[in-house]
Every structure is written in C-alpha cells, then in structure tokens.
Amino acid sequence: MNDKKIVAVLCDHGCRNGSKIKYDELKTNLKKSEVIEDFLLVNKACDSGVEFLDAYKGRKILFGGCSLLEERGIYSKIKERLGLKNGEFRSFDVKADLYDLYPDKVNLEELLVCKILSMGTLLYHAEPYEEERIKPAEGILVYGDGITALRTARALAEEDISVEVLETGEQFLSPGLFSQHFGRPDQRGLSSVVSADERRKSERNRVAGFKNVRFLPSDAFLSFETVEDGFVFTFKSGEKRKFGTVVIAPEREEEQSRETGALNLTDLYGKIVCGEPLKGEVVFLLDYAADTSPEVFKDVLLAGKYIKRRFASEVRILMKNAKVSVSGAQELYDECREQGIIFFKYLEDLTLKNNYGDFEIEGTDLYTGDKFLIKEPDILVIPGRSILSPRSKNFAEALELLTISDRYPQPDSLWRLPNETNRPGVFVAYPTGDNSIASLLFSVRARLSTAGIAVNEHIPVVDEDKCVYCLTCVRVCPFKAMTTDSESRVAKVLRTVCQGCGSCAAECPAEAIQLRNLTGESLYQGIRALG
Amino acid sequence: MEESLLIIYCSEGGRKALQKMSSEGFRLPSGVCTFELPCTGRINDVMLMETLQNGVRGIFVAGCREENCKYLDGNKRALRRIKRIKKLLSDAGIEGKHIEMQTFGPDEGKRLYSAINDFAGKVGVS
Amino acid sequence: MKNSKAGSRLEKLLDRGEFVVTAELGPPKSVDREVIDSKVEALRDAVDAVNITDNQTAIVRVSSISTGIYVAEKGLEPIFQVTCRDRNRLAIQADLLGACLNGLKNVLCLTGDHQSFGNHPQAKQVYDIDSIQLIKMVKDMRDEKIFQCGEEIRNSKKAEIREPRFLIGAAANPFADPLEWRVNRLEKKVNAGVDFIQTQCIYDMERFEQWMEEVVSRGLHEKVKILAGVTPIRSLGMLRYMRDSVAGVRIPDSVIKRFEDAENAREEGINFCVEQIKRFRKMKGVAGVHIMAIEWENAVRGIVESADLLPRPNGV
Amino acid sequence: MSSNSVCIIGAGISGLTVANNLVNAGIEVTLVERNPYPGGRALFYGCKASDSCVHCGVCLIREAVMNFRRTHNIKSQFSSELTGFSRSNGEGILLEIETHPNIIDWRLCTECGKCIEACPENAVKIAPGWKYYVDSGCNDCGKCVDVCPEGAIALKRESMRESIHADCLVIASGFKPFDPSVNRKWSYGESPRIITGSDLEELFYTENYLPGVVKKSDCKRIAFLQCVGSRNVTEGGEYCSRVCCAYALQMAGRLKDEFPHTEIDFYYMDIQHFGKDFESFFGDVSRKVNFINSNPITFSVDRADRPVVRYESITEQKDKEEAYDLVVLSNGIAPGDKNEALAKMTGLSLDKSGFLYAMNGMGGVFVTGACKQPMRIEDCIEDATGVTGEVLSYLEERVQVK
Amino acid sequence: MIVAEQKPIGEILKKLPEVEKLLVLGCDTCVTVCLAGGEKEVKVMCSAIRMADKKIGEVTGFSIERQCDREFFKEIEAVVKESDAILSLACGAGVQMLSDYFEGKLVIPGLNTHFIGSNEGAGYWLERCLGCGDCMLDITGGICPKTRCSKGLMNGPCGGSENGMCEIDPLNTECGWYLIYERLKKLNMLQNMMTNQPPRDWSRAHDGGPRKLLREDIQP
C-alpha cells in the first residue's frame with residue numbers, strides 16, 4: 001500500500017442538520033485511525049471555492065458532499081486543481097447516505113465516523129491509474145444482405161469507413177416484404193409493381209459502387225475471436241481479418257405452415273411477384289400458427305387489399321385480435337373493411353379440418369355471435385412465426401449472443417440501447433423501428449468516435465500465479481469480456497469490452513481476479529470498518 | 001457497532017429504491033448501516049461469510065428486479081449465491097435467516113422499508 | 001434342427017410347429033411353498049412351459065434354478081432365467097452345470113433390470129457379460145463343449161466330456177429405441193445362437209406387425225422361433241403405470257382410450273388378450289404366445305381356453 | 001458558429017435521450033421544458049414488475065434524469081416555452097424562449113427540506129432524481145420564503161423572455177393523456193371508484209395501488225376498460241394509442257400479485273402485441289386476468305356507490321351487468337396541446353389525428369418522441385437515438401458546407 | 001480432470017473431532033476447477049466452521065498447489081505440526097497422500113470424489129471415463145459404453161432405452177448406446193455394432209488388483 005494517507009473533507013451541510021454534529025469529537029476519532037491523516041470541515045461546500053485544498057496537494061482526497069456538488073461540477077474542479085488521477089479522489093453523498101436515511105435523534109457522529117472510515121479504506125487500497133481510452137479497429141463487418149444491411153453498408157461507406165458485407169446468400173423472401181413492396185406512401189399504380197427483390201438488387205449495385213465496400217460469400221465465415229480492439233474473423237480461405245465493429249441485420253424467416261396445402265405469407269408473396277392469378281376465395285387465418293405481430297398484420301392487410309383489387313376475389317380474414325398499434329395500420333384496417341374484405345374474429349373453438357388440401361374452417365364470429373363455416377377456399381394463408389433464419393441463428397450462436405425467444409439476438413434487458421447486444425461492439429439492426437438505421441448508425445458512430453472507448457474503472461486484474469486457468473470467468477461473463485492468453489496460460493480481460501460488473505471476480509474459485517479499486521480485500525475491510 | 005445489520009445494495013435499482021424510500025420520509029432503524037456496490041453480482045460468498053463471522057447480526061441485500069440488471073445477470077447470480085449460502089448456514093446448524101436478498105424496482109421504497117424492518121425484526125436488531 | 005438340442009418338451013412342440021403357449025411364474029420373496037404350488041395348479045395343463053423369473057425388477061426372490069427344479073417335480077416344464085446383473089461368468093457357468101445336472105433343459109438369457117429399480121439400489125452391479133455374450137457362451141458350452149475360457153468341459157484330461165445341453169431363449173423388445181436397430185439386434189442374437197425368442201409385452205400391434213415383416217423378410221423366423229409376449233390388463237391404473245414407469249413398453253392412446261371407456265377393466269383386459277392371440281395365430285413367423293400374467297396366474301387358463309388353444313398337445 | 005448548438009423543446013424521455021447523447025458527442029445543448037423539472041409525464045409513473053421486470057421502461061426515465069443531472073454543459077430553461085421561431089439569414093434558427101420561473105429557483109435550491117416542512121398546503125413536491133418545485137397547490141402564503149437558507153424562493157417572479165441562436169431545433173414536446181371527462185359515456189369524475197390509466201400509474205408510483213376510497217381488504221373486483229379515447233372517431237383519436245394495452249396488462253398482472261383474492265376483468269376490442277417477447281408475457285398475464293371481448297355500453301352506480309358496467313356479452317347473446325369496486329379507464333395518448341402552436345410557429349404540418357408530421361431534417365427542424373405518434377418508452381428511446389444520429393449528420397453536412 | 005463435490009457441511013461437522021487447532025487444506029488444481037476445494041471454498045469452510053457451535057479452538061485455512069505431490073507438503077509442515085486434525089478439501093488421492101505423509105495426524109475428507117470427467121459448461125460436469133485400463137473408444141466412435149451406459153453393456157442398447165434416454169432416469173441420463181448408434185451412423189461404421197463384442201478383459205481394471213504404473217526409463 002502506498003504511504004499516501006487520506007485527507008477527509010466534509011461539508012458541514014448547513015442546509016441540513018449538519019450543525020448539530022460535534023465535529024471536533026469526530027476529528028479526534030478519525031485521527032486515531034491509521035487510514036485518515038487529516039480531517040477538514042468546509043462551510044457550505046456548494047458555495048465555497050476549491051482553493052482551500054491547495055495545502056493538501058499530493059494527498060488522496062475523500063470528499064463527503066452531496067449530489068449538488070456533482071451537479072455544479074465542484075468535484076471535477078477539485079480534481080483538476082490538485083491534479084488528482086482516478087483512484088486518488090473519492091466522493092460520497094453524505095446527504096443521501098446518512099442525513100436522509102437516519103432520523104435526527106440517532107447519534108450521527110458514530111455513523112459518520114464509520115462511513116468515512118469505510119470509504120477511506122476503499123480509497124486507501126485504490127491505486128491511481130491514468131484514464132485510458134482505446135480506439136477500436138477500423139473495419140466494419142455487416143452481416144446479412146437484406147435491404148436494412150445494404151442501406152447500413154451504404155450509409156457507412158458514404159463516410160468512407162471500410163465496410164465488408166457478409167452476404168448470407170439466402171435469397172428466400174422474408175416476412176415484412178409486403179410493407180417494403182406495397183407500403184410506400186407514394187405507392188405507384190398496380191401495374192408497375194417493383195418487387196422487393198428488384199429493389200434489393202438495385203440497392204446492392206449502388207453499394208457495390210463504393211470502392212471501400214467488399215462483398216464476402218456467405219459460407220466464408222469459419223470462426224471468430226474477440227481481441228482488444230475488435231473481432232478477428234477467420235474465413236474458410238484461411239485468411240484472418242480484424243473488424244472493429246460487427247453489425248447484424250439478421251435475415252428473418254417465416255416458419256412453414258404445418259398444414260400441408262396452406263401457404264404462409266412468404267409463399268403468397270412469391271405467387272404475387274411472379275404474377276400468379278389469385279382468383280376465387282382467399283382466406284387468411286391469423287393467430288393460429290402463431291400470435292401475429294403488428295408488422296405481419298399490416299402485411300396481411302396490404303396483401304388482402306391488393307388481391308381484392310387486382311383479382312376481385314373473395315377475401316376473408318380470420319383473426320383473434322386486430323393488431324393495429326403500428327402507425328398507419330388502423331387506417332388500412334378501416335380501408336380494407338370499406339373495400340368489402342370480410343373480417344371474422346374467432347374464439348378458441350375454431351376447428352380446421354384438412355383432408356389433403358381441401359380445408360374446412362368452422363368457428364363462432366365474435367362480431368355477430370353466430371357460427372361461420374368456410375368450405376374448401378381456393379387459397380388458405382396461415383402466417384407462420386417469423387424467426388431468425390437458420391444461418392442467422394448459427395451466426396448469433398457463434399458470436400454467443402443472448403437471444404430473446406429465438407427471434408431477437410438481444411438480451412432480455414431494457415438496459416441495452418435499442419441496437420446493442422450483450423457484446424459491446426456487436427450491433428443489431430432493429431427491423432420494426434421506422435428510422436432503425438439512423439439509430440444503428442448513431443451507435444456505430446459513437447463507438448468509432450475519435451475519443452475511443454473508455455476503459456471501465458473497475459476492470460478486473462488477473463493475478464498470474466494464482467489463476468488456475470479453469471475458464472469459469474470466461475463462461476460467467478455476460479459480455480464475453482474474458483478470454484484466454486494461450487502463451488501465459490492465464491485468463492485475460494479485454495479492456496474495451498468489460499463493463500466492470502465483477503461477476504468474474506465473485507465466481508473465481510482461486511480468487512485470482514480482483515477488480516481495480518474494488519478488490520475483495522478492500523471491500524471486506526470497508527465493510528468491517530462499518531462496524 | 002457490533003449489534004449492527006448491514007444492507008448491501010447495488011448502485012442501480014437498489015440505490016434508486018433507497019432514495020425513493022428516504023424521499024417518502026421512511027427512516028432506517030439505528031442499528032443499520034449501508035454499503036454500496038456497482039452490482040449485487042459482485043458479492044462473493046467469502047465476503048459474506050467473513051462479515052457474518054465478525055458478528056454482524058444480519059446482511060440484507062437489495063438488488064434490481066430480475067431481467068432489469070444493468071449487467072444482465074448480476075442479480076440472478078447473487079440470488080443463487082445467497083440461496084447457496086443460506087443452505088450452507090442452515091446445514092451447519094446456524095439458521096440461514098441471517099442473510100437474505102430481495103429484488104426491488106426503482107420506486108419500491110415502501111416495500112424496501114417493510115422488507116428491511118421484517119428482516120431486522122427476524123434477526124433481532126432494534 | 002435334426003439332432004435335438006436338449007430334448008425338452010418345449011423343443012419337441014416347437015419342432016413340430018405347434019402354436020406354443022408359455023406363461024410366467026414369479027417365485028415368492030420368501031421360502032413359501034404354497035405360493036408356488038397355487039401358481040403351478042393354476043397353470044397345470046394350460047401352458048406348455050413356464051418362465052421362472054430371476055430376481056425380477058432387481059427384487060430379491062427365490063432363485064430361478066431351484067424354483068425350476070421344484071416346479072419340474074410338480075409336472076410343469078420350467079424355463080429358468082439367467083440375468084447378467086448378479087453373477088459373473090464363473091457363477092453363471094457353474095449354475096448352468098448345476099441346472100443341467102438337475103434336469104432343466106430350457107434357459108432364457110436376459111441382461112436383467114438395473115439394481116436401482118429394486119429393493120437394493122446400493123448393491124454393486126456385475127454385468128461381467130451381457131445377454132448376447134451369454135447366448136454365445138451357452139451355445140459354445142452345448143455345441144463346442146467348451147467353457148468361456150476355451151477349456152473343454154471335462155473333469156480331467158482323461159475324463160469323458162459331459163457338456164450341459166439347453167434350448168436357448170432370449171428376450172426381444174421391438175418397441176425400444178432406436179426403432180430401426182431393433183431387428184439388427186435380433187439378428188445379432190440369432191447369429192450368437194439363440195433358439196427361441198420371447199418379445200416384450202405388445203400393445204402397439206402395428207409396430208409389432210412392421211417388426212415381424214422385417215424379421216420375416218430377413219428369414220430370421222426360420223432360424224428362431226418367436227413367441228409374442230402379452231400381459232392381460234387388470235385395471236386402468238396398471239395400464240397407465242406400465243406406460244409411464246415401465247421402460248420399453250409403448251402403449252398407443254387408442255388402447256388407453258379403449259380401457260377408459262370399458263366399465264369392467266379386467267374383462268376388457270382378457271378380451272384384448274384373446275384378440276391379440278387370435279391375430280398372432282394368423283401372423284406369419286409367430287410360433288406361439290408368452291402370457292406374462294403378473295400376479296394374475298389364474299386368468300391364464302381362461303385366456304388360453306377362449307383362444308381355443310386347449311387341450312395342450314402332449315409333449316411325447 | 002464556433003461550436004454547434006442544438007435547442008431541444010421538451011425534457012421528457014425523448015428530449016433527455018437526445019440531450020444526453022448530443023452532449024456526449026460534444027455538442028452544446030439548450031433544453032427548454034414546460035414543467036419546473038425534467039423527466040416529462042412518465043417520471044411519476046410506477047414500476048409494474050410482478051416477479052420479474054415486464055419492460056415498462058419507467059426506470060430508464062429515472063436513469064436519464066440522473067445522467068442529465070451529472071452532465072454540466074447543458075443549458076436548461078425550466079418552466080419555459082418556445083414563443084418565437086425565425087430563420088436568421090440562412091445561418092440557423094433564432095428562438096424566443098419565455099420563462100415563467102417556478103417559485104423555487106432550481107439553480108439555488110440545495111434540497112435542504114426546510115420549505116417542505118414549512119409549507120402548510122404541502123405544495124412543495126420532490127421530482128424523483130431532481131430537486132424541489134412548487135406545484136399549483138400553493139396559495140402564496142409566503143411561509144417558505146424566509147425559511148430557505150439559500151434565498152431560492154421568491155413569491156413573485158416576473159416572466160423573462162430570451163432569444164437564443166441554434167443550428168437546429170429538436171421538438172420532443174410529448175403527448176397529453178386523453179381526458180375521458182370529455183364524453184358523458186365514461187362518466188369519469190362521477191365516482192372516485194372510476195379512475196384513468198394515468199391516475200393508476202401515479203398510484204403505482206406512490207405504491208398505494210388503489211385509490212383511497214377503495215379499501216385494500218374488501219377490493220374484490222376490478223375492471224380494466226380498453227380503447228378509451230382511441231380507435232373511435234367520435235370519442236377521441238381514430239388511431240390506436242399503442243401504449244394502453246401494454247400498461248393495462250402489466251398493471252393488471254401486478255395488481256393480481258398484490259391482491260391475489262381480487263378478480264380482474266379486462267374489457268377489450270383487440271389486445272395489441274407489444275415488446276419483444278409478447279407470447280411469454282401474455283401467457284403469464286392471461287392466467288391472472290379474465291378477458292371479455294366487448295366494449296361496455298353504459299355505466300351506472302349502484303347503491304353502495306360501486307360502478308356497474310353494462311356490456312353486451314357475445315357468448316351469451318344478451319346484455320349483462322357487472323358491479324366492480326374499481327374501474328380503470330385505460331386512456332390512450334392524445335396529441336400534445338402545444339402541437340398546434342409549435343406547428344404554426346415552425347412551419348411543420350399536423351397529420352389528421354393532430355400529431356406533428358415532419359420530414360426530419362428539413363430546415364434544421366427535427367421531431368421525436370410521442371409528439372409525432374403514440375409511442376412506448378422503449379420506442380421513444382429508440383426513436384430519439386435515431387434522431388440524434390440524424391441531427392449529427394445534419395450538423396456535419398452544415399460544417400462541411402461552410 | 002477429476003471432478004469432486006463438497007460434502008454437506010452438516011456431515012463434515014459431525015465428523016470433526018473437538019480439537020484445539022484445525023487446519024483446512026485446499027488444493028489448487030482439479031478441485032479448484034470444479035469449484036469444490038479451492039482457496040475460496042477453504043475460506044468459506046473456515047468461516048462456516050468458526051460460526052458453527054462446534055467446540056473447535058482455532059481454524060486456519062491454507063491452500064497448496066497440489067495435494068498429490070509430496071514436495072508441496074513442505075510449505076505447510078510447520079502449520080500441520082501445531083494443528084491436531086486436518087480437514088482436506090482435495091480429491092481422494094490428495095487426502096490419502098496427506099495422511100501418509102503426516103503419519104500421526106487425523107485427516108478428514110471434506111469432498112466426495114465422483115469421476116474422471118469433462119467441463120461441459122459453467123457448473124456442469126459429465127462422467128466420461130472409468131479408468132478400466134483397456135480403452136475401446138475406437139470401436140464405438142469415441143463414446144465409452146462402460147461409462148455412459150448404466151449397465152456397461154458391450155452389445156447395443158438394452159430393451160429399456162426410450163427416445164434416447166436410459167430407463168433408470170429418462171429425464172437426465174442419455175442412453176450411451178443410443179449416442180453410439182447416432183455417432184456410428186454419422187461415421188457410417190454401423191457394422192461395429194453388428195459384431196458380437198467379446199467380454200472385456202477386466203483384469204487390467206481395478207478387478208486385477210490396485211494398480212501401479214512404473215516407468216523404469218524415468219525412475220532415479
């Protein structure tokens with residue numbers, strides 16, 4: 001432990017019952033402990049300047065103030081003035097931790113002494129360190145070759161960042177294409193129907209135009225490894241390349257309908273694009289194979305409207321709930337009803353008989369309350385659940401991303417920004433948001449910003465000779481920030497990835513990992529000092 | 001302060017619940033002191049056992065709600081770890097009631113206050 | 001099968017192509033002769049041969065060979081069982097010699113249930129050899145007249161070779177996993193030298209028919225006699241117990257539904273058994289039926305009678 | 001223009017997210033907020049987690065306010081509004097800001113708590129994560145003025161007018177909860193046992209969960225009525241407000257946990273899908289709540305002054321009446337009352353439901369958050385992050401252009 | 001690696017004699033990797049014993065590199081001399097070598113050593129090898145039937161295997177031979193399962209007596 005002892009500074013909190021505290025008795029108690037060298041009382045720290053601390057240059061400062069000092073930037077002024085590095089200054093909120101929590105009659109002196117000793121011990125054990133910022137590597141890998149991926153690649157390429165697009169080569173049509181196909185507000189007349197595939201090809205040509213963009217074949221990806229400033233991808237050709245950031249625009253796939261002879265939305269879209277006549281009775285059965293999401297409901301309405309107008313066929317939509325919470329869906333829903341599309345809201349007792357393609361659907365309609373029976377519709381569409389395509393799923397598993405119900409490669413916690421995954425540096429394009437690409441670009445730009453990524457204050461430090469290389473920390477870290485160092489056969493932390501939560505230090509069986517400025521020893525001493 | 005009770009809370013959900021509790025005028029009993037950690041996932045069983053061993057009457061851990069942890073699974077890890085220690089204590093003949101963990105949303109001040117009082121009553125701190 | 005293997009009554013009937021009926025007799029968990037006597041009376045002249053179980057479901061009972069000897073004296077032909085759970089290869093060979101010495105002629109080679117099913121879960125298991133190796137060992141002792149280690153079965157170099165001769169049987173479960181491997185496993189047993197097979201109790205008739213088709217297509221039914229196993233159901237609870245906690249028994253829902261609607265489960269159980277037997281008689285390659293009436297021996301006579309399989313042919 | 005500066009109208013979750021992100025990117029931000037505290041409307045909403053978090057997003061607002069408080073270089077004007085907007089010769093935007101300062105000056109207040117004790121009307125309120133402010137309950141008795149050690153309280157404060165210059169303007173003025181008293185049918189206000197979703201949110205925040213009049217012990221039946229003021233042209237907006245199914249189901253789940261013996265009925269037209277894992281959430285909730293797919297026709301109050309709901313039950317083909325201890329009208333989102341004025345001032349247009357409609361980035365004016373369409377908190381954050389991205393690229397283009 | 005699990009603390013306390021000084025000795029290799037007897041577990045065990053109302057005077061905790069190498073005991077010779085009993089948190093090999101090396105001292109095992117196995121994930125270990133001295137993994141495509149089949153059969157799944165699971169525990173225990181069948185199908189070496197495997201030579205396993213491995217080429 002370095003010899004620098006602690007100077008404890010306390011605001012007298014004139015604004016609170018601070019004045020009732022017997023400070024001189026406090027000073028003598030504190031001086032007895034070997035952690036605190038000197039005690040200083042400040043009258044209303046939020047107004048007084050910071051010059052009074054000049055005499056204590058070179059000492060570690062423990063400041064007992066309140067959130068107002070932080071808001072008015074007084075702490076940062078003190079740090080600049082005395083040139084204190086991180087680990088030499090620590091502040092704690094006396095008002096919130098003490099005065100607010102304890103009634104007046106409790107003897108606050110004793111509590112104050114314990115609190116100061118406890119915080120002082122933590123500061124005493126802390127080693128000062130330079131604020132470190134690491135810039136991630138240059139290149140960006142964009143996974144997926146749908147519209148979202150290509151538009152992201154184009155936007156990044158325009159800022160002359162080198163982008164490589166890992167094409168999944170999955171040319172199948174995924175749900176949500178109707179809205180891209182029909183949904184444009186300036187949707188042209190029926191004749192010139194630009195299929196989403198053509199739009200995708202034209203987008204791809206524009207992206208290919210940029211010289212700093214390269215397309216990689218889909219099965220090129222072999223394995224993957226995280227390094228300090230990004231991710232090293234090994235490709236089947238044996239080539240290794242490093243990327244600072246990975247952006248996933250996952251291809252979605254619609255589950256095939258289990259009823260043989262029924263189509264799912266993707267098949268229907270395929271028929272429309274190649275101009276098949278969809279005459280006769282077309283029935284959409286929603287909420288049967290899976291609960292329909294608003295995007296799929298909007299697709300069904302667009303498809304129904306198109307078929308009704310183009311082929312004047314009899315369109316029926318059976319559903320449990322009309323999902324109209326997406327902007328523009330309610331108008332579309334009313335429009336469809338005006339155009340004569342018949343909607344049935346069915347109860348649980350709906351039965352579907354399927355004798356080799358001739359369907360019979362029977363149930364009670366909630367609107368009117370009487371039974372309905374649909375016999376042998378020409379086309380039956382049962383939208384399936386939209387899930388990550390197998391290739392995207394494998395890619396997400398290879399990157400060890402936490403996924404929500406095999407549809408969103410993101411952890412099930414609010415605390416990650418909209419496009420963040422559980423791995424810092426891997427972003428996900430969020431298909432449903434209107435300007436999802438703009439928020440994705442913001443996140444990528446924030447990562448590539450000139451300041452670089454700040455290394456977390458409580459980063460783990462691995463004690464080389466204690467570590468038994470048991471990999472518990474590698475398996476436990478939710479952000480995959482711990483890797484192995486094969487030469488020294490010891491666990492190693494990736495400074496840009498670690499968020500400082502301390503799960504590794506808590507689970508390490510050999511107690512070889514200690515967090516910087518929050519070591520197990522100092523925590524234990526800090527608690528002991530509390531009494 | 002031997003007869004004291006220790007509250008360990010995380011600087012996310014735990015701190016917000018404590019602030020909400022104090023802003024609603026609830027006060028902690030005298031024999032209780034608080035200690036803050038970045039995340040409840042940081043507590044390991046050596047720290048808890050040695051603190052219990054030095055005579056602290058009880059440890060109450062207040063973490064964030066499940067699925068609401070800023071470090072994704074810190075609170076789940078802490079819940080399981082404390083369950084293991086309670087079992088270890090009750091096997092060793094010391095009732096496991098000396099240590100307990102509950103999860104709180106950011107504005108569950110009243111619930112936190114009643115949880116701390118029940119725990120204090122159970123463990124015998126004034 | 002020109003020269004007789006063991007000359008047992010069961011062997012003669014099988015050679016003559018009769019539709020054979022066998023049953024099961026579980027020895028008591030105590031030295032209680034009356035239990036065996038009552039079961040023998042129930043089965044006398046109703047069946048051609050009787051399996052004597054060996055510590056069934058790993059629960060300690062009177063040993064199979066001694067019950068076999070006792071039952072033989074009472075005029076029933078026993079098929080004693082050998083499981084590989086409790087004895088290593090030395091003990092099994094010694095038992096085989098003893099059984100032959102006392103006139104037992106039919107043996108059933110089983111792997112045996114795991115000891116965790118029975119009342120001594122802490123016991124050390126043996127499984128020195130398994131059922132297929134056991135079949136080969138018994139066949140080598142009979143045909144090549146050698147012990148498992150290769151030595152000839154004679155008391156000394158100069159003494160006569162006196163080998164134990166048995167009709168070798170084994171079990172087969174057409175319903176266990178992996179389904180497509182089950183017939184290969186039967187073929188392995190046939191190659192090892194088994195003479196007759198008793199299958200696991202059958203409820204899924206379609207699956208059993210597929211299995212038999214596969215067996216017949218490979219011509220195995222000529223090399224081995226196959227007895228179809230049935231268990232008459234006494235109550236709906238027993239049926240559910242068999243489905244949920246007895247391994248290797250597959251009960252289709254149609255059968256469950258049938259017993260749910262039946263008002264008298266016992267009667268329904270017997271009718272179901274008789275139907276099965278009638279169907280087995282028409283199936284190609286099924287040489288007989290093995291009725292496993294667990295703790296319900298006196299129902300066997302009723303079943304055999306209504307399947308008009310009485311009177312049993314004499315074994316001369 | 002030495003450094004770029006952005007003015008943000010509204011300090012709700014959207015405004016705060018844009019402000020916090022822009023400050024991290026080194027942009028000078030001026031924040032104009034109508035209330036005397038940041039955090040917007042949802043600051044006083046409560047956490048609805050049952051055994052685990054249901055992703056309602058309230059804790060993110062509190063976090064955003066705390067982050068906002070830690071950053072220094074945001075110039076904020078509370079209790080003030082945008083009154084003038086004009087383009088200054090093509091170089092940016094000139095904005096008139098009018099402030100009616102709150103009785104407590106937030107810059108001087110040190111949260112010492114003395115004014116709270118002194119105020120007889122207890123009109124001094126604490127904004128979570130922020131400081132003190134005086135709400136409308138104050139009757140200018142002046143008892144708090146001399147109690148304050150910082151001299152932060154002055155009864156009469158004349159309103160100030162200030163004009164600032166900014167490179168671009170972000171409007172995040174938020175929404176207004178639909179007020180059911182507009183339509184006699186809901187008979188809101190006639191009985192204390194009929195409350196709106198926003199009232200229940202505040203009850204969740206204060207952890208009472210039920211209005212005073214309803215005793216916790218004898219609360220046997222609660223009804224949630226959906227689509228109050230949305231999806232119905234005559235009564236309110238013609239759009240679906242998207243948030244009411246979310247908060248109603250989440251609160252119903254939590255109420256069932258708090259009061260297990262209560263029966264909760266849920267009258268709905270269509271349950272809307274929300275969040276990323278709706279199936280598993282809906283699976284749990286549907287075990288706690290009984291769903292009735294019909295819209296109530298009328299209300300009445302029985303002798304024990306308990307509201308009675310009369311509705312047409314489809315399954316039994318006749319009208320039925322049910323008495324409840326508490327009826328919650330899940331009121332939807334109505335366009336903010338300032339949308340009209342803002343649109344006129346800034347030349348934006350309103351869509352037919354009254355929400356602001358903007359081709360983002362035209363002339364340096366951006367719109368984000370619930371003022372452009374009904375949004376949940378999670379969606380607001382995502383939309384605000386997106387708009388921040390657009391603001392940054394807009395500012396970069398202007399810098400290169402010069 | 002060797003996988004072990006801590007005995008329930010109640011059981012350990014019953015075994016502990018009332019002594020003046022007790023040493024709790026951990027081991028830093030296998031039992032640390034399987035989170036049973038490392039330095040952290042030693043500290044937790046010491047605190048638990050101190051808090052339990054056993055009449056034990058002083059409890060000291062220590063952890064050495066390996067308890068299966070005599071040389072590492074030198075470090076703790078002084079401590080052992082003073083203490084009256086040792087609670088060893090090492091695998092069976094460590095406990096026995098400790099009691100051989102410190103002849104007169106009472107050594108109490110703190111762990112139950114389970115099997116030679118593999119780390120399948122955080123907190124999940126699987127038995128892979130019996131140590132039978134006569135490996136046949138080439139025949140069964142890399143899955144050991146003696147270990148992974150509850151009856152250690154040599155010939156194919158028994159009658160009790162049901163949808164890939166063993167009859168004794170259909171929820172958790174896979175049927176070893178079902179896995180072998182799937183593996184051999186992939187390697188299209190199914191004929192290995194057709195041949196009637198002869199009974200194994202158990203004399204090379206423990207049945208042939210406790211085993212030693214002597215390498216003259218390395219002996220001093």
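Only heavy atoms go into these numbers, but all of them, side chains included; no hydrogens, no water, no symmetry mates. Below, read A as the first sequence line, B as the second, and so on, with proteins coming before strands; counting in each chain starts at 1.
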Point-to-point distance, once rounded to the nearest 0.5 Å, from CG of D:Leu392 to CZ of A:Phe442: 6.0 Å
Considering only heavy atoms, which portion of D:Glu312 lies under 4.5 Å from any heavy atom of chain A: side chain, backbone, both, or neither? neither
Answer yes when D:Glu111 and A:Lys95 have at least one side-chain N-carboxylate O distance shorter than 4.0 Å, and no when they do not. no
Does any backbone or side-chain atom of A:Ser449 lie under 4.5 Å from a heavy atom of chain D? Answer side chain, backbone, both or neither. neither
At what distance, to the nearest 0.5 angstrom, does OG of A:Ser439 lie from CD1 of D:Ile381? 11.5 Å
When the 4.5 angstrom heavy-atom criterion is applied to D:Cys148 and chain A, the contacting part is neither
Cut-off 4.5 Å, heavy atoms of chain A, and the answer for D:Phe278 is side chain
On a heavy-atom basis, which atom in A:Ala438 and which in D:Gly386 lie closest, and how many Å separate them? CB-O, 3.5 Å
Interatomic spacing from CH2 in D:Trp130 to OG in A:Ser67 - rounded to 0.5 Å: 10.0 Å
Nearest 0.5 Å, please: how far is OG1 in D:Thr385 from CG in A:Leu441? 12.0 Å
Which one, D:Thr17, D:Asn24, D:Asn21, leads in non-hydrogen pairs under 4.5 Å with chain A? D:Asn21
Does the pair A:Lys320/D:Asp270 count as a salt bridge with the N-to-O cut at 4.0 Å? no
Considering all heavy atoms, the nearest A:Arg445-D:Gly389 contact: NH1-O, 3.9 Å
Pick whichever of A:Leu347, A:Thr364, A:Thr292 has the most heavy-atom pairs under 4.5 Å with chain D. A:Thr292
Just wondering, do A:Phe297 and D:His273 contact through their side chains at under 4.5 Å, heavy atoms? no
Give the minimum heavy-atom separation between D:Cys56 and A:Leu414, together with the two atoms involved. N-CD1, 4.3 Å
Is it the case that more than 12 heavy atoms not belonging to D:Tyr357 sit under 6.0 Å from its OH atom? no
Any sub-3.5 Å donor-acceptor pair from A:Asn321's side-chain atoms to D:Ile271's backbone N or O? yes
Given that the side chain runs from C-beta out, which part of A:Gln410 has a heavy atom under 4.5 Å from chain D: side chain, backbone, both or neither? side chain
Between A:Asp370, A:Asp100, A:Val324, the one whose heavy-atom pairs under 4.5 Å with chain D are most numerous: A:Val324
Look up atom CD in A:Glu71 and atom CZ in D:Arg107, then write down how far apart they are to the nearest 0.5 Å. 10.0 Å
Contact check, side chains of D:Leu60 and A:Trp415, non-hydrogen atoms, under 4.5 Å: yes
If you count the non-hydrogen atoms of other residues, nucleotides and ligands that lie under 6.0 Å from CD in A:Glu348, is the total more than 12? no
Would you mind reporting whether D:Lys276 and A:Asp412 have side-chain heavy atoms less than 4.5 Å apart? no
Taking only Lys NZ, Arg NE, NH1 and NH2, and the carboxylate oxygens of Asp or Glu, determine whether A:Glu331 and D:Lys352 approach each other closer than 4.0 Å. yes
What part of D:Tyr268 gets closer than 4.5 Å to chain A, counting heavy atoms only: side chain, backbone, both or neither? side chain
Closest non-hydrogen contact found for D:Gln272 with A:Lys323 is OE1-CA, 3.0 Å
Do D:Lys131 and A:Leu68 touch side chain to side chain, with heavy atoms closer than 4.5 Å? yes
Nearest 0.5 Å please: distance from the OG atom of A:Ser76 over to the CZ atom of D:Arg70. 13.0 Å
